[in-house]
Amino acid sequence: MPRRNRARRIEPRLGSSTGWARPESGPDGDWLVRTVPGARATKTYRCPGCDHEIRPGVAHVVAWPADEYGSVTERRHWHRGCWQARTRRMPTRRRW
């Protein structure tokens, strides 16, 4: 009987660095961060770093505290530059 040489699929686990989110640590705590490519960005979000909109089609990152599992209440969508500069500047006041 011939042997099958199919690669096994490894499903990503929540919070796994090899899965869909990578861990990051900083002076503001431990975070899980996921990169969203522009082709997958389909909604408008407001960046907490600069208080500007992240339009559909714009690549960005989604971050949430590492002790969470990506719950909707804790996830925040950031511009890449704003996420990288979050420790150098304070968040802006949210417009209502």
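Counting begins at 1 with the first residue of the sequence. Computed from a prediction, not measured in an experiment: that's the story for all the values here.
With rounding to the nearest 0.5 Å, the separation of CZ in R86 from CH2 in W78 is 7.0 Å. Taken from CD1 in I54 to OG1 in T44, the straight-line distance is 9.5 Å, to the nearest 0.5 Å. Taking CZ of R75 as the reference point, atom CZ of R34 lies at 6.5 Å (rounded to 0.5 Å).
Separation of the W31 and W83 ring centroids falls under the 6.0 Å cut-off.
Remark: the T35 side chain and the R80 side chain contain no N/O donor-acceptor pair separated by less than 3.5 Å.
Distance alone, capped at 3.5 Å, is enough to place a donor-acceptor pair between the R46 side chain and the D51 backbone.
Minimum heavy-atom separation, D30 to S25: OD1-OG, 2.7 Å. Looking at every heavy atom in both residues, H79 comes nearest to V61 through O-CG2, 4.5 Å. Considering every non-hydrogen atom in both A63 and V33, the closest pair reads CB-CG2, 4.2 Å.
Not counting sequence neighbours, the partners of A85 by the side chain to side chain contact (heavy atoms under 4.5 Å, CB included) test are R88, R89.
Contact annotation: the side chain of R76 approaches that of P48 to within less than 4.5 Å [non-hydrogen atoms, C-beta and beyond].
The aromatic rings of H77 and H60 lie tilted to each other, with the angle between the two planes from 30° to 60°.
Taken together through direct or relayed side-chain contacts under 4.5 Å among Ile, Leu, Val, Met, Phe, Trp and Tyr, V62 and L32 form part of one hydrophobic cluster.
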